[in-house]
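Everything below concerns the one structure shown next.
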Amino acid sequence: MQQKQVRTLKYDFKAIERKWQQRWESEALYRAPQIPSRDKFYMLVMFAYPSGDIHMGHFRNYIVGDAVARYQMMLGKDVLHPFGWDAFGLPAERAAIQRKLHPAQWTYKNIEVSRNTLKKTGISFDWNREIISCSPEYYKWTQWMFVQLFRKGLAYQKTGWVNWCPEDKTVLANEQVVNGACERCHTPVEKKELKQWYFKITDYADRLIDDLDRLPRWPENVKQMQREWIGRSYGAEIDFTIKGTGEKLPIFTTRPDTVFGVTYMALAPESPLVERLDMTSEYRDKVEKYRNEVLLRSEIERASATGDKDGVFTGQYAINPFSGEEVQLWVADYVLAHYGTGAVMAVPAHDSRDFLFAKKYNIPMKIVIHPDNQTALDPIEMTDAFTEYGVMVNSGIFDGSIGEEAIKKVTAYAAEKGFGREKKNYKLRDWLISRQRYWGAPIPIIHCPKCGQVAVPEDDLPVLLPEVENYLPKGHSPLADVKEFISVNCPQCGGKAERDSDTMDTFVCSSWYYLRYLDPGNEKEPFSRETAMRWMPIDKYIGGITHATGHLIYFRFFQKFLKDIGWVQDDEPARELFNHGMVMDPKGEVMSKSKGNVISPIDVMDERGIDIARLGMFFLAPAEKAVSWSEDVLTGVEKFVINRFYPLVGAYRGSNPNLKQYFKLSGLDDYSRSIYIKLNQTIKRVSEDYERLQYNTAISALMELTRDFDSDRIKDDQFNDYIIKKAILLMAPMAPHLAEEMWHECGETGSIFRAEWPRYDDSAVHFDTVKIAVQVNGKVRSEIELRRDASETEAVDAAMSDPRVRDFLDGKSILKKIYIPNRLVNLVVK
RNA sequence: GCGAAAGUGGCGGAAUCUGGUAGACGCGCUGGACUUAGGAUCCAGUCCUUUCCGGGUGGGGGUUCAAAUCCCCCCUUUCGCACCA
């Protein structure tokens with residue numbers, strides 16, 4: 001009866017959404033205080049690149065954070081949930097070239113469109129704190145960051161071999177080269193020798209690795225990826241000598257215990273040492289020819305050549321300081337210029353790469369490690385190097401030393417003799433941050449013929465981007481062609497000087513934006529120390545896994561640097577990291593503009609309402625899983641909302657119950673008791689699900705509760721209304737408009753998001769009887785009902801007197817009785 | 001090649017952290033009710049095989065009274081790294 005009457009209540013989502021979005025706006029519900037006065041919660045989602053409008057992937061990402069923010073509000077915390085735009089970058093320039101717009105026009109127009117869409121979704125962002133990284137008010141402080149790094153010697157210029165994208169005509173950081181190609185346009189990357197700006201992130205390599213252990217709430221895979229990216233390895237540096245010139249040839253090795261097995265040395269083609277070799281003209285020609293050939297190879301070719309290795313003999317020899325032995329000195333492509341010293345000692349018998357190379361060029365092999373004292377290796381029969389630890393042989397005084405112990409001994413000996421030392425090495429390289437493009441923050445440096453590199457004084461920041469005639473990439477920054485921009489007086493000596501014409505990598509902008517949100521209007525500082533002290537660290541940071549070895553390392557680096565110079569207190573910026581899964585199209589393909597399969601949340605929102613779109617997305621799968629979007633999921637949640645959940649307000653009886661009270665189980669009739677227990681179980685489950693961002697199961701718990709709830713069977717009005725209101729509260733973070741509307745229909749006047757999150761009644765999460773399984777030899781044979789926490793004797797007795805069980809016990813003796821309270825009895829018989 | 005994660009009905013997924021009645025919740029499907037009609041709503045059913053018994057969480061082995069869950073080997077998929085000496 002109740003249901004029929006209730007069904008006439010129309011779920012007019014459009015009116016509901018409009019009403020509450022306006023109310024929330026006018027009440028400034030999401031406005032976070034400058035300084036929190038209660039427990040704080042900083043909920044951060046990665047800001048967005050404004051490439052067009054918002055799609056399903058954004059939508060999913062942001063509703064996850066939104067539900068967290070709302071849940072935290074209901075837990076009584078001051079919640080900071082800001083949003084902004086990562087607005088510098090190449091696509092704006094491309095659009096500018098194609099459509100003859102200013103990059104700023106294109107960017108701001110996109111921001112406008114996306115912001116409007118986001119506002120329509122009703123996500124609880126505090127829009128007062130919105131930041132746009134390409135605005136002078138923001139990039140002024142990006143430049144300020146550069147200046148601080150420069151002052152500490154952590155921003156510096158050097159000439160080196162860099163990744164060059166011939167399409168975009170700019171240099172790229174290592175992190176932006178994927179499989180030897182430009183991350184953005186997929187053009188194979190070339191190597192060029194150029195003078196560029198770097199941040200000395202390698203100074204922080206140890207802290208960046210070691211502090212990962214202090215982040216228990218970061219996903220293990222991200223931490224592992226960062227460890228490998230930084231790639232710390234321990235070993236020794238040993239100085240070989242070049243015969244003739246006597247120049248030192250230091251090499252890094254993790255296996256000093258194989259040093260007596262060196263049969264040749266190899267230099268990277270790019271190594272400057274190659275030029276200094278005293279080669280005869282015959283060899284010099286060969287080496288030059290080889291070098292030029294190698295440099296023409298693409299990164300892809302060089303990187304993928306894992307099997308085939310080549311090189312050329314220089315005619316020169318190197319001397320092993322341990323044995324005095326002379327070995328051939330080669331130039332080889334497989335030696336990386338940027339790692340270690342750009343040279344290696346080659347031990348074909350104990351290194352797979354050297355093994356292949358030696359086989360190819362018929363270089364001798366020398367065995368200096370045996371697997372153990374019993375087994376000897378035979379070089380003729382070996383098909384690969386023996387690379388494991390073992391016993392040193394043919395190594396003079398070191399013979400018999402084993403593994404790590406051997407490594408220590410050899411290194412100590414070298415140190416004692418002065419031709420070697422312990423050494424740590426990293427794969428991580430310094431972060432190349434200069435770009436030869438227009439749409440970025442100008443590097444705030446002035447090059448003075450007298451004073452050298454001078455930082456722009458802080459009072460003169462920002463260095464504004466000048467207008468330029470066109471944005472076509474030409475291999476140098478478009479800013480270089482603007483005379484009025486370039487020529488400037490030196491801030492130190494007043495003489496004629498020139499501005500640096502490069503702009504910064506956009507990852508610099510995104511390395512500190514989380515701090516600007518704390519104090520976005522501050523004109524005197526990037527942010528006030530007090531806001532940082534009170535709001536940091538970020539409590540939950542949500543974003544895509546794609547940033548694991550880029551942004552998520554950079555921003556940790558910035559945080560550490562800012563701590564070192566006294567601006568923040570914490571070593572780590574984010575306490576917890578959560579990686580959301582991708583949203584694919586229904587066929588399981590990645591959505592992209594070029595494929596034309598981008599799905600917007602707008603259509604679903606228009607047709608069925610925001611909350612149903614949200615619930616559908618939540619219900620589809622746990623938030624960290626990749627999903628294929630399908631409208632099919634909407635059917636279930638829509639039926640649930642329209643037929644079950646929203647009609648709850650029709651069953652509300654206007655009793656205005658006290659929500660802080662608990663009911664006594666003994667005072668309730670059978671049905672009421674069971675629904676009260678169900679309610680408390682649901683509160684427990686839903687709360688736990690919110691904590692771990694598992695919204696799909698939170699929804700199913702609420703579905704069960706509403707399924708079991710039957711107002712007709714409840715006599716007590718207060719009790720009836722109590723259940724309804726608690727259910728609405730539990731739904732609020734996931735379906736905010738719906739819950740707010742229902743909350744008010746139940747007579748409330750304040751926002752549900754200022755109401756208190758339900759706490760479950762610990763004495764009412766269990767029934768006083770339980771159904772437990774009875775197993776015989778581990779197989780379920782029956783089910784019996786017992787009082788909760790029954791004794792073992794009671795349980796076993798009940799189990800053995802069960803007729804079904806008795807059949808299986810017939811004629812057998814009981815060896816063992818296992819009783820797990822409230823779960824099962826297992827009888828082991830024979 | 002190295003590293004990580006994951007494999008459960010026709011489908012999305014529960015249960016995995018903490019070993020204890022596998023398949024919650026929903027989609028889809030089947031049958032029924034109500035209807036002029038229904039892509040609406042309601043009710044029932046839905047792992048396989050089936051009276052019972054039995055089998056079943058990618059495959060194989062192990063630990064255990066008991067394994068989707070823990071351990072070992074293998075296969076597959078996804079992601080990351082890709083000559084880092």
Side-chain angles (χ1 to χ4, degrees), chain A residues 3-4 7 178-180 219-233 235 251-255 258 266 268 300 302-309 332-347 350-354 356-357 387 425-429 545-546 548-549 579 582 615-616 619-622 624-628 630-640 642-643 685 692 694 696-704 707 771-783 807 815-829:
Chain A
Q3 293 283 329
K4 212 173 271 172
R7 217 170 292 133
V178 177
N179 292 327
E220 209 45 57
N221 60 339
V222 172
K223 289 192 278 187
Q224 196 53 33
M225 278 162 75
Q226 293 204 352
R227 280 186 200 107
E228 276 165 27
W229 187 264
I230 296 165
R232 178 168 58 191
S233 54
I251 54 87
F252 173 73
T253 178
T254 54
R255 296 296 302 275
T258 64
I300 301 177
R302 290 186 69 179
S304 64
T306 42
D308 199 39
K309 308 199 180 317
D333 193 15
Y334 78 95
V335 182
L336 303 174
H338 56 76
Y339 185 77
T341 60
V344 299
M345 65 176 213
V347 187
H350 304 293
D351 181 284
S352 299
R353 297 154 299 187
D354 301 343
L356 285 171
F357 193 86
T387 58
N425 243 316
Y426 307 89
K427 289 196 216 174
L428 183 75
R429 288 183 261 168
I545 184 80
T546 46
T549 54
N579 294 122
M582 291 231 290
L615 289 170
F619 192 55
L620 189 57
E624 71 273 13
K625 266 200 74 156
V627 294
S628 284
S630 156
E631 298 232 343
D632 293 350
V633 290
L634 296 171
T635 316
V637 291
E638 188 173 49
K639 281 203 276 193
F640 167 60
I642 294 176
N643 301 330
R685 277 171 66 182
R692 54 183 186 149
Q694 192 154 305
N696 56 332
T697 46
I699 292 170
S700 63
L702 283 166
M703 285 173 164
E704 286 182 40
R707 176 196 64 195
K771 283 181 182 156
I772 72 165
V774 181
Q775 298 181 334
V776 179
N777 288 340
K779 291 203 162 116
V780 178
R781 297 304 183 187
S782 189
E783 190 178 76
D807 291 345
L815 302 177
K816 205 168 179 182
K817 302 163 189 164
I818 289 133
Y819 173 53
I820 308 296
N822 308 319
R823 291 281 184 184
L824 57 66
V825 171
N826 187 12
L827 302 169
V828 185
V829 303

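This is a predicted model, so every value here is computed, not measured. All chains are named by letter (A, B, ...) in the order of the sequence lines, taking the proteins before the strands, and each is independently numbered beginning at 1. What you see below is based on every heavy atom in this structure, not just the backbone, and it leaves out hydrogens, waters and symmetry mates.
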Ala701(A) vs Glu220(A), nearer the 5' end of RNA chain B by closest nucleotide: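 Between the two, 5'-proximity favours Glu220(A).
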5' priority, RNA chain B, between Thr254(A) and Ile699(A) [closest heavy atom]: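 Result of the comparison: Ile699(A).
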Categorize [X] for me: base, sugar-phosphate, or nothing, with a 4.0 angstrom heavy-atom threshold over every strand shown.
| X | result |
| --- | --- |
| Arg227(A) | nothing |
| Gln694(A) | sugar-phosphate |
| Ser233(A) | sugar-phosphate |
| Arg685(A) | nothing |
| Val335(A) | base |

Assigned glycosidic conformation for rG80(B) [threshold 90° from 0]: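 Chi for rG80(B) falls in the anti range.
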Specify the separation, in whole Å, of atom [atom1] of [X] and atom [atom2] of [N].
| X | N | atom1 | atom2 | value |
| --- | --- | --- | --- | --- |
| Glu631(A) | rG28(B) | CD | C1' | 16 Å |
| Lys779(A) | rA67(B) | NZ | C1' | 14 Å |
| Lys771(A) | rG20(B) | NZ | C1' | 18 Å |
| Trp229(A) | rC79(B) | CH2 | P | 17 Å |
| Met582(A) | rU77(B) | CE | P | 19 Å |
| Leu702(A) | rA14(B) | CG | C1' | 16 Å |
| Glu228(A) | rA5(B) | CD | C1' | 13 Å |
| Phe252(A) | rA85(B) | CZ | P | 6 Å |

For [N], does either OP1 or OP2 sit under 4.0 Å from a side-chain N or O belonging to [X]?
| X | N | result |
| --- | --- | --- |
| Asn696(A) | rC25(B) | no |
| Arg255(A) | rA85(B) | no |
| Arg823(A) | rU18(B) | no |
| Tyr334(A) | rA85(B) | no |

Taking the minimum atom-to-atom distance to the side chain of [X], which one of [options] wins?
| X | options | result |
| --- | --- | --- |
| Thr635(A) | rG55(B), rA85(B), rG28(B) | rG28(B) |
| Val780(A) | rU21(B), rA14(B), rG80(B) | rU21(B) |
| Lys427(A) | rC81(B), rG55(B), rG13(B) | rC81(B) |
| Lys309(A) | rU41(B), rC83(B), rG13(B) | rC83(B) |
| Asn221(A) | rC53(B), rA4(B), rU21(B) | rA4(B) |
| Glu704(A) | rC83(B), rU21(B), rA24(B) | rA24(B) |
| Asn643(A) | rA14(B), rC81(B), rU41(B) | rU41(B) |

Base-pairing mate for [N] - Watson-Crick or G-U, with both contacts under 3.5 Å:
| N | answer |
| --- | --- |
| rC17(B) | none |
| rC2(B) | rG80(B) |
| rU41(B) | rA33(B) |
| rU64(B) | none |

Any chance CZ of Arg707(A) has more than 12 other-residue heavy atoms, nucleotides or ligands included, within less than 6.0 Å?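 It does: Arg707(A) CZ has more than 12 such atoms within range.
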NZ of Lys817(A): more than 12 outside heavy atoms within 6.0 angstrom?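 Incorrect, the count does not exceed 12.
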What N/O pairs connect the protein and nucleotides 8-12 of chain B at under 3.5 Å? Give each pair on its own line.
{"unit_1": "rG12(B)", "atom_1": "O2'", "unit_2": "Leu620(A)", "atom_2": "O", "d": "2.4"}

Using the C1' atoms only, state how far rG59(B) lies from rU76(B), rounded to an integer number of Å.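 Here rU76(B) and rG59(B) have their C1' atoms 10 Å from each other.
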For Thr387(A), does its backbone N or O pair with a side-chain atom of Arg255(A) as donor and acceptor, under 3.5 Å?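 Yes, Arg255(A) side chain to Thr387(A) backbone: donor-acceptor pair under 3.5 Å.
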Show the distances under 3.5 angstrom between N or O atoms of the protein and N or O atoms of nucleotides 61-65 of chain B.
{"unit_1": "rC65(B)", "atom_1": "OP1", "unit_2": "Lys816(A)", "atom_2": "NZ", "d": "3.2"}
{"unit_1": "rC65(B)", "atom_1": "O2'", "unit_2": "Asn826(A)", "atom_2": "ND2", "d": "3.3"}
{"unit_1": "rC65(B)", "atom_1": "O2", "unit_2": "Asn826(A)", "atom_2": "ND2", "d": "2.6"}

Angle between ring planes, Phe252(A) versus Tyr339(A), binned at 30° and 60°: parallel, tilted or perpendicular?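 The rings of Phe252(A) and Tyr339(A) stand perpendicular, inter-plane angle above 60°.
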With respect to Asn777(A), which candidate in Val828(A), Asn826(A), Leu827(A) satisfies the side-chain contact (heavy atoms from CB on, under 4.5 Å) definition?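 Only match with Asn777(A) under side-chain contact (heavy atoms from CB on, under 4.5 Å): Val828(A).
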So, for Ala266(A) and Val335(A), which heavy atoms are closest and what is the spacing to 0.1 Å?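 So the two residues come closest at CB-CG2, 3.7 Å.
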Salt bridge Arg227(A)-Glu220(A), side-chain N to carboxylate O under 4.0 Å: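 Yes.
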